[in-house]
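Shown next, in structure tokens, is the structure this report addresses.
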Protein chains: 2
Amino acid sequence: MAGQPQRIAQTLRQQIFDGSHAAGARLAEIPLAEALGVSRTPVRLALAQLEAEGLILAAPGGGFLVRRFTLAEVEDAIAVRGQLEGMAARLLAEQGLSPAARHALDACLAAGDEALGAPTLDAAALASYGEMNDRLHAIILAGSGNAALARALGAVTALPFAAASALVPHEGSRAARHELLRHAHRQHHLLVEALAAGQGTRAEALMREHAENARHNLRLILAAGEATIIHPA
Amino acid sequence: MAGQPQRIAQTLRQQIFDGSHAAGARLAEIPLAEALGVSRTPVRLALAQLEAEGLILAAPGGGFLVRRFTLAEVEDAIAVRGQLEGMAARLLAEQGLSPAARHALDACLAAGDEALGAPTLDAAALASYGEMNDRLHAIILAGSGNAALARALGAVTALPFAAASALVPHEGSRAARHELLRHAHRQHHLLVEALAAGQGTRAEALMREHAENARHNLRLILAAGEATIIHPA
DNA sequence: ATGTAACGGATTGCATGCAATCGCCGGCCG
DNA sequence: CGGCCGGCGATTGCATGCAATCCGTTACAT
């Protein structure tokens, strides 16, 4: 049972994302500890971790506040993700795709083609696409072989809706989402092509542009009114 | 007295950097608490923060180990810093230098010229250059107006010798260091020129290359045998 | 002699106690 | 009637207690 703070932090993250703790709300230790059935000590550890991730801010006079994110901040985070994932793609292209990596990426492309093939997306296909998307991005990141890059990326994708996996979940306009995913997956194909050809600069540019999809998706989400902690200031 | 964990974390960072805690050494709570004259609770908070920064790793069976950094890892971190600071420079160039920013950067350039002007560098000039260097990089980062970028950069420069300010401190060959600093400052001039001209891509490329100085400096440090936690594996 | 299993010490991790601090409300004075 | 001061409640932050776990050691059996 070595990970009680981890579990608590995950629970709080979830609750912040789904709106159980509204933006700007104060997080006090005692109510949280009671609600979760643990003591204040692990709760404090979890809060410290969330503060390090940037999800909450230390309040004047102690305690923490759920941070409010503006649309501009999330868009900035998405741009940084593009810059970092672009670097990963460039590094991978420059050092050459291993046969194993090539095979894994091709499998991702095929899985994406399969998931998006139907005229309309059902929940299973959507989940499948999301899993594939995560895997593809993870392969490129790992393939770059740069641990510092992974750390920096983690610091940025801790923000809600900044991660690549945030492409999928919204409900908004289903047709618009399908179109967006088709476009994104076409970019996946081009990206793998560039990686396999050792075209580092092209791979970097493609990946940077690929991240812009998240911006469009974010606007769809906001238009649908589903984001609870983003403020389009 | 609201920041005891912060103070402890800073002390531990210092002790890790100067070798008081060797790489691979185990950090136990009780000895640390006794040595610092505090209880185990704030020590635990400080250790959690250092773990989040990546300086220490959770050991199997509890406790923490001082992380060992290989030369390759630090070089990777430097490359990531170049990518991120390059982005900051590009953003700043694209949105245009404000008169205030232009003035502040010119002041940095002048201060650097002054510090490096003498045929040999004394300690005061070195400190002055270091302060100027920090300021210049901070101005560019702040000028980009991208908070996520600052966060990602912070995650990377937490590693020893990866930050821009790591250019200065080593003793090694004084002549080589002076030459390195002159070269770096010449790049500062070019960089400000590109920023003022709105040349985003040029500014980004210059900044990326500028970070490579840290790699050369790192090798000088290693050659002088001053790095205690870097392992040239 | 070697492998195994049980014992002992040490350390972590969580729970709780206690003092200090901060914000807030009511009352009092100008 | 408004502003200021004092006391009160709540909350944080640190210290310590206690149980659980893990590692190392040793004794024993094969």
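Side chains included, hydrogens not; waters and symmetry mates left out as well; all remaining heavy atoms used.
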What residues in residues 35-50 of chain B put a non-hydrogen atom under 4.0 Å from any atom of DNA chain D?
B:Val38, B:Ser39, B:Arg40, B:Thr41, B:Pro42
With [X] via side-chain hydrogen bond (donor to acceptor under 3.5 Å, both in side chains) - residues at least two apart:
| X | result |
| --- | --- |
| A:Ser20 | A:Asp18 |
| B:Glu94 | none |
| A:Glu34 | none |

The side-chain contact (heavy atoms from CB on, under 4.5 Å) partners of A:Ala48 (sequence neighbours excluded) come to B:Leu45
What's the closest nucleotide to the side chain of B:Gln4 if the choices are C:dT11, D:dT11, D:dC14?
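Output: D:dC14.
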Say whether B:Gln49 and A:Glu51, considering side chains only, have a donor N or O and an acceptor N or O under 3.5 Å apart.
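No donor-acceptor contact under 3.5 Å links the two side chains.
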Distance in angstrom units between [X] [atom1] and [N] [atom2], rounded:
| X | N | atom1 | atom2 | result |
| --- | --- | --- | --- | --- |
| B:Phe64 | C:dT11 | CZ | P | 15 Å |
| B:Gln6 | D:dC14 | CD | C1' | 15 Å |
| B:Leu27 | C:dG13 | CG | P | 13 Å |
| A:Glu29 | C:dC14 | CD | P | 14 Å |
| A:Leu32 | C:dC14 | CG | P | 16 Å |
| A:Arg26 | D:dA10 | CZ | C1' | 10 Å |

Would you mind writing out the side-chain donor-acceptor pairs for residues 139-157 of chain A within the sub-3.5 Å range, not counting sequence neighbours?
{"unit_1": "A:Ser144", "atom_1": "OG", "unit_2": "A:Leu141", "atom_2": "O", "d": "2.7"}
{"unit_1": "A:Ser144", "atom_1": "OG", "unit_2": "A:Asn146", "atom_2": "N", "d": "3.4"}
{"unit_1": "A:Asn146", "atom_1": "OD1", "unit_2": "A:Ala148", "atom_2": "N", "d": "3.0"}
{"unit_1": "A:Asn146", "atom_1": "OD1", "unit_2": "A:Leu149", "atom_2": "N", "d": "3.0"}
{"unit_1": "A:Asn146", "atom_1": "ND2", "unit_2": "B:Asp76", "atom_2": "O", "d": "3.4"}
{"unit_1": "A:Arg151", "atom_1": "NH2", "unit_2": "B:Ala52", "atom_2": "O", "d": "3.3"}
{"unit_1": "A:Arg151", "atom_1": "NH2", "unit_2": "B:Glu53", "atom_2": "O", "d": "3.0"}
{"unit_1": "A:Thr157", "atom_1": "OG1", "unit_2": "A:Leu153", "atom_2": "O", "d": "2.9"}

